Amino acid sequence: MTITATHINYYHICHRKLWLFAHGINMEHTSDTVTEGKLIGENTYTDRAAKYTELQLEGVKIDYYDAKNKVVHEIKKSDKMEAAHEAQVKYYLYKLKQYGIDGATGVLEYPTLRHTSQIVLTNEDIEVIQQWETDILSIIIREDMPPVINKPVCKRCSYYEFCYC
Ligand code: SF4
């Protein structure tokens, strides 16, 4: 199967969420963390489409890629799940490298917080990402659903009612 940036993102948020998504149980809505970044991007930076290109590689779709400077721009609303956001951008850089685009960097943007983070991919990151891929596959092939995590993030998760009601 193809591992996508969404798998990487969910792996860093909750293994149950990853498992549910991978098993086709999809309860996404527009307030979900993955889609909200796109909405913010469209609403906040209306000239983005003219400056950057959308890039689609196996398993990843980069909404805003600055091909001239080799920079991935990822826009998010809240930094509450910054580790997952960073992992997602690193995965973009990893896939770009696999496709022969070396030295690309990332910028994680939180326009409503006026905060940005620079993201680079190190050799150590590559080994870590390969481990993420192995872990993700082992979680997905489990027959039983991973347990609920009972964390604050659950309240903002699209699977909240599924998990707790
Ligand atoms: S509600 Fe919580 S336990 Fe359930 S999938 Fe979402 S993050 Fe995981």
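It should be emphasised that the depicted structure is a prediction, and the values quoted were computed from it without experimental measurement. First listed ligand is number 1; within each ligand, the first listed atom is number 1.
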List the steps, then state whether side chain to side chain donor-acceptor pair (under 3.5 Å) holds for Glu74 with His85.
CA-CA 8 Å; Glu74 180 67 19; His85 300 159; over 6 Å; no
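Around atom 4 (Fe) of ligand 1, protein N, O or S atoms at less than 2.8 Å comprise Cys163 SG.
No cation-pi contact links Lys17 to Tyr159, judged by a cut-off of 6.0 Å to the six-membered ring centre and 45° from its axis.
By the neighbour-count criterion of 12 heavy atoms within 6.0 Å, atom CD of Glu127 is sparsely surrounded, having that number or fewer from other residues, nucleotides or ligands.
Just one of Asn9, Thr6, Thr4 meets the side chain to side chain donor-acceptor pair (under 3.5 Å) condition when paired with Gln88; it is Asn9.
Judged by distance alone, the side chain of Trp132 and the main-chain N or O of Tyr11 form no donor-acceptor pair under 3.5 Å.
Side-chain contact of Glu133 with Tyr91: a donor-acceptor pair under 3.5 Å is present, judged by distance alone.
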